A.B. asks: 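Pasting a structure below so you can have a look.
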Amino acid sequence: MTYLVVNGPNLNALGHRDPAIYGTLTLEDIQDRITRKGKELGVELSFFQSNSEGAIIDHLQQNGPSCEGVIINPGALTHYSIALRDALADLSVPIIEVHLSNIHAREAFRRRSVTAGAVSGQIAGLGWRGYLAALEYLVEESSNN
Ligand code: DQA
């Protein structure tokens, strides 16, 4: 029962990147919290971050089909990557798109997600807790099926 947690461009800079918007936790801090939640729920997690669109797509193609579900924060790819959307649409496992910030309350270019139409649901604006909410949802959902 492995869940993929995928983070896109610039999320490796969390901690010092726009802390008023993204908070002060580093990606490692957030991954530690997700790991703790995973232990509580009794599931395995696999973390991946890349600044490269192609590397993320390769990762999803290689690991997506055999996983239980995907949590993805595509970063700025959210707003323009049709290639990522197509890769997500090709997976049959449940996928939750997470954004630390409320993209709908920010600049106009952030309000459009081209990836959202290819996922089960989106969580935006809950900060790092959004990843935990996504994991809880995915685990509960898969135990009901
Ligand atoms: C983000 C929102 C995106 O617009 C931005 O490009 C990011 C982070 C978020 O988590 O709020 O890199 O996905």
Side-chain angles (χ1 to χ4, degrees), residues 1-41 43-65 67-142:
M1 271 226 187
T2 301
Y3 293 85
L4 305 187
V5 181
V6 179
N7 280 284
N10 298 305
L11 293 160
N12 57 319
L14 289 175
H16 61 86
R17 175 189 179 202
D18 278 332
I21 294 176
Y22 298 120
T24 54
L25 296 186
T26 64
L27 184 58
E28 207 187 330
D29 294 333
I30 294 175
Q31 291 182 165
D32 284 349
R33 290 172 191 217
I34 303 170
T35 299
R36 261 185 266 150
K37 177 58 73 181
K39 282 196 181 125
E40 256 173 62
L41 297 169
V43 297
E44 299 282 315
L45 296 161
S46 162
F47 295 104
F48 182 77
Q49 187 278 329
S50 179
N51 293 326
S52 152
E53 180 185 37
I56 293 170
I57 293 168
D58 286 344
H59 181 76
L60 289 170
Q61 287 183 353
Q62 281 155 22
N63 303 287
C67 81
E68 208 66 37
V70 177
I71 297 169
I72 183 164
N73 182 346
L77 296 173
T78 306
H79 313 298
Y80 66 87
S81 177
I82 308 295
L84 177 57
R85 180 199 168 104
D86 287 349
L88 292 168
D90 200 37
L91 293 178
S92 49
V93 296
I95 305 168
I96 303 296
E97 177 175 314
V98 171
H99 298 284
L100 294 154
S101 64
N102 181 0
I103 55 172
H104 305 289
R106 297 184 63 195
E107 302 98 317
F109 68 87
R110 288 188 208 276
R111 291 184 201 143
R112 187 175 79 122
S113 167
V114 300
T115 47
V119 302
S120 314
Q122 185 195 65
I123 296 173
L126 304 188
W128 59 269
R129 290 182 179 84
Y131 292 91
L132 303 194
L135 184 60
E136 277 181 349
Y137 169 80
L138 288 174
V139 174
E140 198 165 305
E141 187 60 19
S142 64

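The structure displayed is predicted, hence computed values, not measured ones. In each ligand, atom 1 is the first atom listed, and ligand 1 is the first ligand listed.
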A.B. asks: Would you say Thr24's side chain and Gly15's backbone share a donor-acceptor pair under 3.5 angstrom?
C.D. replies: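 No, Thr24 side chain to Gly15 backbone: no donor-acceptor pair under 3.5 Å.
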A.B. asks: Looking only at distance, does Asn10 have an N or O less than 3.5 Å from an N or O of ligand 1?
C.D. replies: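 No.
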A.B. asks: Decide if atom CZ of Arg112 counts as having more than 12 heavy atoms of other residues, nucleotides or ligands within a radius under 6.0 Å.
C.D. replies: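 For Arg112, atom CZ is not crowded (no more than 12 foreign heavy atoms under 6.0 Å).
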A.B. asks: Within ligand 1, which atoms have a heavy atom of Ile103 less than 4.0 Å away?
C.D. replies: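 Here the atoms of ligand 1 in question are 2 (C).
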A.B. asks: Please give me the minimum heavy-atom distance between Ser81 and Thr115, naming the atom from each residue.
C.D. replies: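 Smallest interatomic distance, heavy atoms only, reads O-CG2, 4.2 Å.
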A.B. asks: Out of Leu77, Asn102, Ile123, Leu100, who is nearest to atom 9 (C) of ligand 1 when you count heavy atoms only?
C.D. replies: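 Heavy atom nearest to atom 9 (C) of ligand 1 belongs to Leu100.
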A.B. asks: Does Arg17 reach ligand 1, in the sense of a heavy atom lying below 4.0 Å from it?
C.D. replies: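 Arg17 counts as a contact of ligand 1 under the 4.0 Å cut-off.
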A.B. asks: Polar-atom distance check: Tyr22 versus ligand 1, any N or O pair below 3.5 Å?
C.D. replies: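 Among all N and O atoms of Tyr22, none is under 3.5 Å from an N or O of ligand 1.
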A.B. asks: At what distance, to the nearest 0.5 angstrom, does CD1 of Ile95 lie from CG of Leu60?
C.D. replies: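 Between Ile95 CD1 and Leu60 CG, I get 7.5 Å after rounding to 0.5 Å.
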A.B. asks: Can you check whether Ile103's main-chain N or O pairs, donor with acceptor, with Arg111's side chain at less than 3.5 Å?
C.D. replies: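 Checking the backbone N and O of Ile103 against the side chain of Arg111, no donor-acceptor pair under 3.5 Å is found.
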A.B. asks: Does the Asp29 side chain pair with the main chain of Thr26, one donor and one acceptor, at a distance under 3.5 Å?
C.D. replies: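 Yes, Asp29 side chain to Thr26 backbone: donor-acceptor pair under 3.5 Å.
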A.B. asks: Answer with side chain, backbone, both or neither: which part of Ile21 has a heavy atom less than 4.0 angstrom from an atom of ligand 1?
C.D. replies: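 Looking at Ile21 and ligand 1, no heavy atom falls under 4.0 Å.
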A.B. asks: Mind checking whether Thr78 has an N or O less than 3.5 Å away from an N or O of ligand 1?
C.D. replies: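 By distance alone, the answer is no.
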A.B. asks: I'd like to know whether CD of Glu136 has more than 12 heavy-atom contacts from other residues, nucleotides or ligands below 6.0 angstrom.
C.D. replies: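 Yes, because the 6.0 Å sphere around CD of Glu136 holds more than 12 heavy atoms from other groups.
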A.B. asks: Fit a plane to each ring of His99 and His79, take the angle between them on a 0 to 90° scale, and name the class: parallel (under 30°), tilted (30 to 60°) or perpendicular (over 60°).
C.D. replies: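 The rings of His99 and His79 lie parallel, inter-plane angle below 30°.
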A.B. asks: Looking only at protein heavy atoms, identify the closest one to atom 11 (O) of ligand 1 and say how far it is in Å.
C.D. replies: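 Residue, atom and distance for the closest contact: Ser101 OG, 2.6 Å.
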A.B. asks: In terms of atom number and element, which parts of ligand 1 are under 4.0 angstrom from non-hydrogen atoms of His79?
C.D. replies: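 This gives 3 (C), 4 (O) as the contact atoms.
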A.B. asks: Checking the N or O distance criterion of under 3.5 Å, is ligand 1 in contact with Ala76?
C.D. replies: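 Yes - when backbone and side-chain N and O of Ala76 are compared with those of ligand 1, one distance drops under 3.5 Å.
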A.B. asks: How close does the nearest protein non-hydrogen atom get to atom 1 (C) of ligand 1, and which residue and atom is it?
C.D. replies: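 Atom 1 (C) of ligand 1 sits closest to the protein heavy atom His99 ND1, 3.7 Å.
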A.B. asks: With nothing but distance in play, are any N or O atoms of Arg110 less than 3.5 Å from an N or O of ligand 1?
C.D. replies: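 Among all N and O atoms of Arg110, at least one is under 3.5 Å from an N or O of ligand 1.
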